[in-house]
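All heavy atoms count here, side chains included; hydrogens, waters and symmetry mates do not. We name chains A, B, ... by the order of the sequence lines, and we start the count at 1 in each one.
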Amino acid sequence: MLPNANTPKTDSGSQNGKRPFHSPSPQSNKKQKLMNGSAHSYVQLQEERQQLPIYSARKKLLQQVQRLASAIVIGETGSGKTTQIPQFLYEAQMHRNHLIACTQPRRVAAMTVAERVAAEKGAEVGELVGYCVRFDDMTNENTRIKYMTDGMLLREAILDPILKRYSIVILDEAHERTVHTDVLFGVVKAAQKQRKNRGLMPLKIIVMSATMDVDHFSQYFGDAPVLYIQGRQFPVEVLYATEPQSDYLFAALVTVFQVHKDAPPNEDILVFLTGQEEIESAVKSIKDIAQDLSQDYPPLVVCPMYAALPAYHQLRVFQPTPKGSRKVIVSTNIAETSVTIHGIKHVIDTGMVKAKSYNAGSGLDLLRVQRVSQAQAWQRTGRAGREAPGSCYRLYTEPEFGKMNINAVPEIQRCNLASVVLQLLALGISDVLSFDFMDKPSKDSLEAALQQLEWLGAVAVADCSAQGKLKLTAVGKQMAAFPLDPKLAKILLVAREHNCLDEMLTIVALLSVESILHTPQNKRDEAVAARKKFVSPDGDHLTMLNIYRAYKSFNGSKQWCFENYVNGRNLKLAAEVRKQLHEISCRLQLPSNSCGRDTTPIRKCLTAGLFMNSAELQKEGKYATLITRKAVAIHPSSSLFMCKPACVVYTELVQTTKCYMRDVCVVDPDWLTEAAPKCFKKKKMST
DNA sequence: GAGCACTGC
């Protein structure tokens, strides 16, 4: 998806608030540059390996892993831990002819690191060294070192909770604390214990991180020893605002031009802002101001950077700056971890980020602009010292920095846990509330997730007491087989009763990718007009199905996508997801069939999964959700906006200026009681 | 009568 220039981050910057960045030796600097090239001879690669800082820690690490069950490795940027540690373990025969897994939070990282390590081993990727990510398994029976996404290992654990194919599991980038990594912590720890109790081959666990919160990891893994590995980060001068800034956007603009005035040309600037709209407007302001500058200033190239930006626009960020000019990149936190941009000398950190927070009580996800954590601030700072010394302008004061959270709240404490809980149950962990999380999610959010699963018919209480053991039902087991939110998995399973699996596979695939609509701000009316022919009176799900069918009938033509204002990239992804879901439904022996032109079966299936997301029209012409009686409205982007159907289900709620329902479908209220008699009966009794 | 940080199976 992204170009080669986008080197994924495999090692992470220092996040220690107290420790200054330290300089690398000149020699290692030269080697670092070599490493960034592409074609190397085997001999060259072996020489480079021995120059890495981690090489000197090799013996100690091997001894520790030999002797103990678990180890923590703290390694800074460029230490080479991700590429070297799996090789050290393999070369020392510690894999015992089983697999060494090394998990990554991101696909691109798993793939490119595997390529690199395979080259170092003088082999093709997919043989001794392989990778496994969704849609792409590059391993075979000879594979011993396997890079994979953390979500992939979690999927495998459902089929095999003690992970018998693996002798060593390395959890890399642990400081990022993704939901998948956090669940894996508990899963590998339990697998290790199980194997020990049953007298099986031990499972060694290595946690690799760039965090300052080392003790937390160590304690969780039985006081595992911690190995520190020096990195190769250049010093970055940190400058704080002298007084608090009320307008971070304005402060950012002023700072950009201050740096532009004082710094030599060819020293590029990276600015961290929070979102697409803010970035586009800042880019425009910078361009406008730059136009009015005198000829004494170097020319300015301004690039926006955010995930939703079309790939060919993203490319610009990676192109080298012409000699004598300066590049300013205005980015979301995508440049914090997911992409590495070369040539950055100055970082401007507004200290703000847009992050998701979840309210278990209302079940509402919402995106909020908030302060970054200290760890994130150091991560941003580190982006200025990748290739040479740099500077970082913090648009907040030092006391303000001191008041920030040391680490970000782990994702598992701020998201809907229905998927996680379903997976834990599928792993055979019945006592979800007391699962050994490194940082426990709140009891409320675990209970809300269980409630949802019970309503969907995925779990049943095995005995009558309130604290009774929970068990997955047959339906729950089938739901867990799909890489989907439980609501969407349920939609697929009920399709067998309504004979419309073909349609539901498409709709669910479309719901699990980002928007397939492309609506440029200045061409909104044209886009709406072009897509009018696809609109279904039954709502957005059916409209999307129409678009997908048309897309397929034009063989995914790019021209067609362009003319109809739909996002070809996301439609293609949906087709890929659909294929995977189809394979799983074949494995579960769900009958493949179509309902033709009748939309009723489709809407009944949607109701069976989305009944918790239902709303009815009130007398005064506004909507209220059925379960929580919350005031909501149809999102203006919906094909049902302006229509007033009596009863609807929706995919999700988004809170902006109002609480909006997104992806709305017209349903019959009787279908709701049919789909979840317990849920709606219960509601009537309590009101 | 509006707007969407970032990943991942």
Side-chain angles (χ1 to χ4, degrees), chain A residues 1 8-9 103-110 132-137 148-159 173 176-184 272-281 305-309 331-339 352-357 365-370 372 376 379 408 411-412 414-415 419-420 422-423 426 479-486 488-489 509 512-515 517-521 524 528 567 570 573 576-577 580-581 583-584 622 633-638 640-643 652 654-662:
Chain A
M1 221 160 58
K9 184 196 66 109
T103 68
Q104 300 292 320
R106 281 171 291 279
R107 292 165 52 93
V108 206
C132 185
V133 298
R134 189 181 190 183
F135 308 131
D136 199 2
D137 182 359
M148 61 204 300
T149 45
D150 43 19
M152 208 68 206
L153 186 59
L154 205 52
R155 279 269 137 210
E156 279 192 27
I158 293 177
L159 302 173
E173 310 289 9
E176 289 194 22
R177 303 294 304 274
T178 66
V179 177
H180 288 154
T181 316
D182 264 32
V183 177
L184 270 179
F272 284 103
L273 292 182
T274 67
Q276 175 174 343
E277 209 177 89
E278 192 178 83
I279 286 169
E280 291 296 353
S281 105
M305 181 72 195
Y306 45 86
L309 194 70
S331 172
T332 60
N333 44 341
I334 192 171
E336 235 169 63
T337 49
S338 301
V339 301
M352 305 306 280
V353 68
K354 202 178 272 190
K356 191 175 245 179
S357 55
D365 273 334
L366 83 129
L367 280 169
R368 267 191 333 192
V369 172
Q370 58 188 54
V372 297
Q376 265 177 299
Q379 183 75 41
E411 198 187 355
I412 200 153
R414 50 184 174 87
C415 70
S419 279
V420 169
L422 182 65
Q423 283 186 342
M479 280 165 64
F482 288 101
L484 291 170
D485 181 279
L488 301 186
S512 57
V513 300
E514 277 164 79
S515 176
L517 309 182
H518 175 63
T519 316
Q521 271 168 5
R524 195 185 298 167
V528 171
N567 185 322
N570 290 342
L573 194 60
E576 213 167 351
V577 172
Q580 186 191 24
L581 300 177
E583 282 163 11
I584 296 168
K622 290 178 178 166
I634 295 179
H635 197 281
S637 68
S638 169
L640 290 177
F641 188 66
M642 306 287 266
C643 307
E652 62 173 355
V654 288
Q655 170 85 58
T656 52
T657 50
K658 265 191 197 173
C659 200
Y660 286 106
M661 300 180 276
R662 280 231 317 230

For the pair made of [atom1] in [X] and [atom2] in [N], what is the distance, rounded to whole Å?
X: A/Q423; N: B/dG8; atom1: CD; atom2: P; answer: 15 Å
X: A/R106; N: B/dT7; atom1: CZ; atom2: P; answer: 8 Å
X: A/E411; N: B/dG8; atom1: CD; atom2: C1'; answer: 9 Å
X: A/F482; N: B/dC9; atom1: CZ; atom2: P; answer: 17 Å
X: A/L309; N: B/dC6; atom1: CG; atom2: C1'; answer: 15 Å
X: A/E336; N: B/dC6; atom1: CD; atom2: C1'; answer: 10 Å
X: A/N333; N: B/dC4; atom1: CG; atom2: P; answer: 15 Å
X: A/Y306; N: B/dC6; atom1: OH; atom2: C1'; answer: 15 Å

For A/N570 and A/S515, indicate whether the former's side chain and the latter's backbone hold a donor-acceptor pair under 3.5 Å.
yes

N/O donor-acceptor pair under 3.5 Å between A/E411 side chain and A/V179 backbone:
yes

Going by the rule side-chain hydrogen bond (donor to acceptor under 3.5 Å, both in side chains), which residues pair with A/S331 if we only count those two or more places apart in sequence or in a different chain?
none

Those residues that, when tested against A/D182, pass side-chain hydrogen bond (donor to acceptor under 3.5 Å, both in side chains) (two or more places apart)
A/R177

Using the side-chain heavy atoms of [X], tell me which of these nucleotides is nearest: [options].
X: A/H180; options: B/dC6, B/dC9, B/dA5; answer: B/dC9
X: A/M152; options: B/dA2, B/dC6, B/dC9; answer: B/dC9
X: A/S637; options: B/dC6, B/dC9, B/dA2; answer: B/dA2
X: A/K354; options: B/dT7, B/dA5, B/dG8; answer: B/dA5

At 4.0 Å (heavy atoms only), tell me whether [X] reaches a base, stays on the sugar-phosphate, or touches nothing.
X: A/Y660; answer: sugar-phosphate
X: A/V133; answer: sugar-phosphate
X: A/S419; answer: nothing
X: A/T178; answer: nothing
X: A/R662; answer: base

So, does A/T149 get its side chain near the phosphate of B/dC9, meaning an N or O under 4.0 Å from OP1 or OP2?
yes

May I ask you to verify if any side-chain N or O of A/R107 is less than 4.0 angstrom from the OP1 or OP2 atom of B/dC9?
yes

Pairing donors with acceptors under 3.5 angstrom, does anything connect the side chains of A/S637 and A/H635?
yes

Heavy-atom nearest nucleotide on DNA chain B taken for A/Q580 and for A/T519; more 5' hit belongs to A/T519

